[in-house]
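Below: the structure, in structure tokens.
Sequence lines set the chain letters: A, B, ... in the order given, protein chains first and strands last, and positions in each chain run from 1.
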4 protein chains.
Amino acid sequence: MAKVAAASSSKSAPRKWTRRAEARPEEILDAALEEFTEKGFDAARMEDIARRAGLSKGGVYLYFDSKEALLKALIEAKIGPIAQNAQLIAQAGAADPINALKLLARAAISRFADPKVFAVPRLVVGLSGRFPEFAAHYRTHVVEVARAALESLVAAAIARGEFRDIEPRAAVRAFIGPILFEAMWTHVLRGESAFDTPEKLIEQHFDVVLHGLAKERTS
Amino acid sequence: MAKVAAASSSKSAPRKWTRRAEARPEEILDAALEEFTEKGFDAARMEDIARRAGLSKGGVYLYFDSKEALLKALIEAKIGPIAQNAQLIAQAGAADPINALKLLARAAISRFADPKVFAVPRLVVGLSGRFPEFAAHYRTHVVEVARAALESLVAAAIARGEFRDIEPRAAVRAFIGPILFEAMWTHVLRGESAFDTPEKLIEQHFDVVLHGLAKERTS
Amino acid sequence: MAKVAAASSSKSAPRKWTRRAEARPEEILDAALEEFTEKGFDAARMEDIARRAGLSKGGVYLYFDSKEALLKALIEAKIGPIAQNAQLIAQAGAADPINALKLLARAAISRFADPKVFAVPRLVVGLSGRFPEFAAHYRTHVVEVARAALESLVAAAIARGEFRDIEPRAAVRAFIGPILFEAMWTHVLRGESAFDTPEKLIEQHFDVVLHGLAKERTS
Amino acid sequence: MAKVAAASSSKSAPRKWTRRAEARPEEILDAALEEFTEKGFDAARMEDIARRAGLSKGGVYLYFDSKEALLKALIEAKIGPIAQNAQLIAQAGAADPINALKLLARAAISRFADPKVFAVPRLVVGLSGRFPEFAAHYRTHVVEVARAALESLVAAAIARGEFRDIEPRAAVRAFIGPILFEAMWTHVLRGESAFDTPEKLIEQHFDVVLHGLAKERTS
DNA sequence: TATGAATGAGTCTTCATTCAT
DNA sequence: AATGAATGAAGACTCATTCAT
């Protein structure tokens, strides 16, 4: 990481190899994510990652200290954007919570549809036993942030009388769970999709989750 | 596996070490599951598995041909019970679909609360990139079976006018997703639980999922 | 080292592979000393050491944790005997210090004539910059012990009026230095010997050095 | 070495970087000696040497063909002066051999007290197994030269009746050995000095050694 | 059945060396 | 003359697997 920082922070002085060296860390990270996803952290070979990133075996070590450091950098690098999204939309949409939730769901679904994006949480899941710290990092920086954002939206919706008086945490669970399930089904189990476009999934999701299953309302 | 069959079928001739030998494959499988869960398939050492199962390094090979064979046997061995459950309850509960769904949810939640049980799907997720056949096996023998059972229950409920006319698949997704999410949160991310007893989770789950989020019913 | 201890301490229970496994650590140590002496610690390859000891690459790691651990064990294993010698003779010869000194010199010279024996101090010298702890260990456990033994002999000789009243430390230096020099000349510089038998060297050594120390002049 | 010659012979055309380029080989040699002494030849990294000499990794190769060439140049560069010294003093002091010996001893002791100076022989010792040619070179160009010079002095002293009729070679051994021993003690074993000033060591040395050699007893 | 010594293929990692700029 | 990104050979170390006992 120190290495990466050092390499990528020297933007001021003009270099001859500019494009290459500047872009390298990112290229390696991408290559690593692909290899890790395909083979798993342990089974992935550093040389394959290097080759995929367009350099030789030893080249990776110019940017990352070790395989584990590469993994760590990878997780941290890919985590930020996701978490930030959640926060921003949540704040922006306090005025119209239900609409904000819809926006968020739409964003989450379309992002999770991209294998590249889903690859990171998937990796974290696979490695959680061996590297609990990554799982913890992910929980703290991504899931809890998103959760808090969603809960406040739900709370707002309840306050406005737009939602029933339910446990916000349970609502969030009901909101995210199906999206997670669908992503697992698609990327991990490689099951076939039951709808033609993502839009259809979103629609279904809202239909069921926002409106409920039961025909007759008891409460 | 051929080995396993051979080993466990020799029940005729009584020997002094009978008990041990008979129980061995199961013991090894359990030990393997624990090691695999803690360290991951690759990082787990055969010797540690053997030690945990109470025999020596070479001993494991008397029952399983290789590490990969052990993994395969493990997944298959732990998969059956789950899938069967789903089928049984589904059939049994056709008369009262909503109640059957409740029973199923209750069963799923309490089972997933047990780390040992959740360990297998977790393992499958981690290895899905490297061994897609396991993921496929899991999808076919477990998830699709359960899904079909649930969908038929939902369809029955719709037919009886107890559920709105929604896409059964979407309903199932909404039904299972939150349970999966909670299990991930607990076992993978090691997040703290927001409720005291599993019973409370079940209650919340029903409250939200079965009755819906929206206060005002549009349809 | 823990490994070695564990392996060599199990002498009670009879094993089938007795000879081999019991003898292994010693065989490896010898092989390592030879390789280290010929090529130096860094340039020596573990596989060559293993091969020379009669096993395969990985075999060495059954007895020693790492190359460095092997080096450490080697130095410690070969150091003990030397130091003990010094102490024993020193105590035994308190009654006739000059004779004791002669015995010691004779022992030191003949031992240093053996390349295997001189190899260890030689190794320590070569590695002293990188592993100062080994040099310190050698100084403390070998040189200082020998030095103390010799000094007390010299002091005894002075007290008896057999040696002039000189600084014991200087006397010891004059006593050991030439022996060290000769060993260096022979083993390190591979210079030719100027005498036919070691006995001749001993004679010359006494002629010059003891003369420098003795109170009464004979010639 | 060819490179070094080429680089240092280009004195004709004055350039702006003149001073630097002219001094470079020497700077690199010094840096190399320090690194080699601290870490050993193998463990020393070319980049560290370069950095210490004030240039970058690749820069060293403008002056030396390889790491081994650098080592060779280093040993040769640092050897000359020592050997020449010996010869000069030896010839100059033929008239008063004992005094010449004293001068030589004094010179040797004070030179060996300097870690930089002792570093070269120390390096040669450590590498003698791997590069016997360096040891041979050192023996031929340094030790044998010095030895011859000293032996002729001793022979002269014997001829003049100032020394007893002893084997000159043994006398030289007795003369140099203690100095070598002291240097080893100080630099290699990092043992504490037993005297305050080098002068004191010289005094002690003469007291013991010259006594062993001298015909007439003074005390 | 069970053991654990032994093997050797497989990988990470280092670093001398090269070369475009 | 100088740089430092890049290469790739080399070597320490691990561990699944075998096999004599």
Side-chain angles (χ1 to χ4, degrees), chain A residues 7 10 15-18 20-21 24 42-50 54-68 70, chain B residues 7 10 15-18 20-21 24 42-51 54-70, chain C residues 7 10 15-18 20-21 24 42-50 54-70, chain D residues 7 10 15-18 20-21 24 42-50 54-70:
Chain A
S10 56
R15 302 268 195 313
K16 13 265 162 107
W17 29 261
T18 307
R20 225 63 223 278
R24 277 285 149 87
D42 289 280
R45 293 166 63 250
M46 284 299 267
E47 181 160 14
D48 289 339
I49 293 172
L55 26 57
S56 72
K57 206 173 4 170
V60 179
Y61 292 88
L62 259 37
Y63 301 91
F64 300 95
D65 286 325
S66 67
K67 196 180 184 182
E68 209 170 310
L70 177 56
Chain B
S10 58
R15 296 197 204 56
K16 42 193 167 179
W17 30 259
T18 305
R20 219 63 219 283
R24 277 286 150 87
D42 289 280
R45 295 167 64 250
M46 285 297 267
E47 181 162 12
D48 290 338
I49 293 172
R51 215 56 88 187
L55 30 58
S56 73
K57 209 180 343 182
V60 180
Y61 289 86
L62 296 170
Y63 301 93
F64 301 95
D65 286 325
S66 69
K67 196 181 185 183
E68 209 170 309
L70 178 55
Chain C
S10 56
R15 302 264 196 316
K16 13 274 164 99
W17 28 262
T18 307
R20 224 62 222 278
R24 276 285 149 85
D42 289 281
R45 294 167 62 251
M46 285 298 266
E47 181 159 14
D48 289 339
I49 293 172
L55 25 57
S56 71
K57 204 176 6 172
V60 179
Y61 292 89
L62 259 35
Y63 302 92
F64 301 95
D65 286 325
S66 67
K67 197 181 185 183
E68 208 170 312
L70 178 54
Chain D
S10 58
R15 297 198 201 57
K16 41 192 166 179
W17 30 260
T18 305
R20 219 63 218 284
R24 279 285 151 89
D42 289 281
R45 295 166 64 249
M46 285 297 267
E47 182 162 11
D48 289 339
I49 293 172
L55 31 57
S56 73
K57 210 176 351 176
V60 178
Y61 289 87
L62 295 171
Y63 300 93
F64 301 95
D65 285 325
S66 69
K67 195 181 186 184
E68 210 170 308
L70 178 56

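The NZ atom of K67(D) lies 9.0 Å from the CG atom of L70(D); values are rounded to the nearest 0.5 Å.
Going from atom CG of L55(A) over to atom P of dT18(E) covers 21 Å, rounded to whole Å. A straight line from CZ of R24(A) to P of dG4(F) spans 17 Å, rounded to a whole angstrom. In this structure, the CD atom of E47(D) is 9 Å from the P atom of dG4(F), given to the nearest Å. For the pair D42(B) CG and dC15(F) P, the computed distance is 11 Å after rounding to whole Å. Computed from coordinates, the R45(B) CZ to dG4(E) P distance equals 14 Å when rounded to whole Å. Separating the NZ atom of K57(A) from the C1' atom of dT17(E) is a distance of 15 Å, rounded to the nearest angstrom. The interatomic distance linking M46(A) (CE) with dT14(E) (P) rounds to 10 Å, in whole Å. In this structure, the OH atom of Y63(A) is 9 Å from the P atom of dT7(F), given to the nearest Å.
For Y61(D), whose side chain is taken as the heavy atoms from C-beta onward, the closest listed nucleotide among dT13(E), dT18(E), dT7(E) is dT18(E). Listed candidates were dA16(F), dG8(F), dT7(E). Nearest to the side chain of S56(C) is dT7(E). Of the listed nucleotides (dT1(E), dA6(E), dG4(E)), dA6(E) has the atom at the smallest distance from the side chain of L62(C).
As judged by a 4.0 angstrom heavy-atom cut-off over every strand, A44(A) is placed among residues touching the sugar-phosphate backbone only. The residue K67(A) sits close only to the backbone: its heavy atoms come under 4.0 Å of sugar-phosphate atoms, none of a base.
Checked against side chain to side chain contact (heavy atoms under 4.5 Å, CB included), K57(A) has the following partners two or more places apart in sequence or in another chain: E47(A). Every residue meeting the salt bridge (Lys or Arg N to Asp or Glu O under 4.0 Å) condition with D42(B), not counting sequence neighbours, appears here in chain and number order: R130(B). Remark: E68(C) pairs with no residue by the salt bridge (Lys or Arg N to Asp or Glu O under 4.0 Å) rule, at least two apart or across chains.
The shortest side-chain heavy-atom distance between L62(A) and L55(A) does not fall under the 4.5 Å cut-off.
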Under the rule of Watson-Crick or G-U wobble with both distances under 3.5 Å, where | means paired to another strand and [ ] a crossing pair, DNA chain F maps to .||||||||||||||||||||
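Between G59(A) and A43(C), it is G59(A) whose nearest contact on DNA chain F lies nearer the 5' terminus. The residue among R51(B) and S66(D) whose nearest nucleotide of DNA chain E lies closer to the 5′ end is R51(B).
Smallest separation of non-hydrogen atoms from S56(C) and A50(C): O-CB, 3.6 Å.
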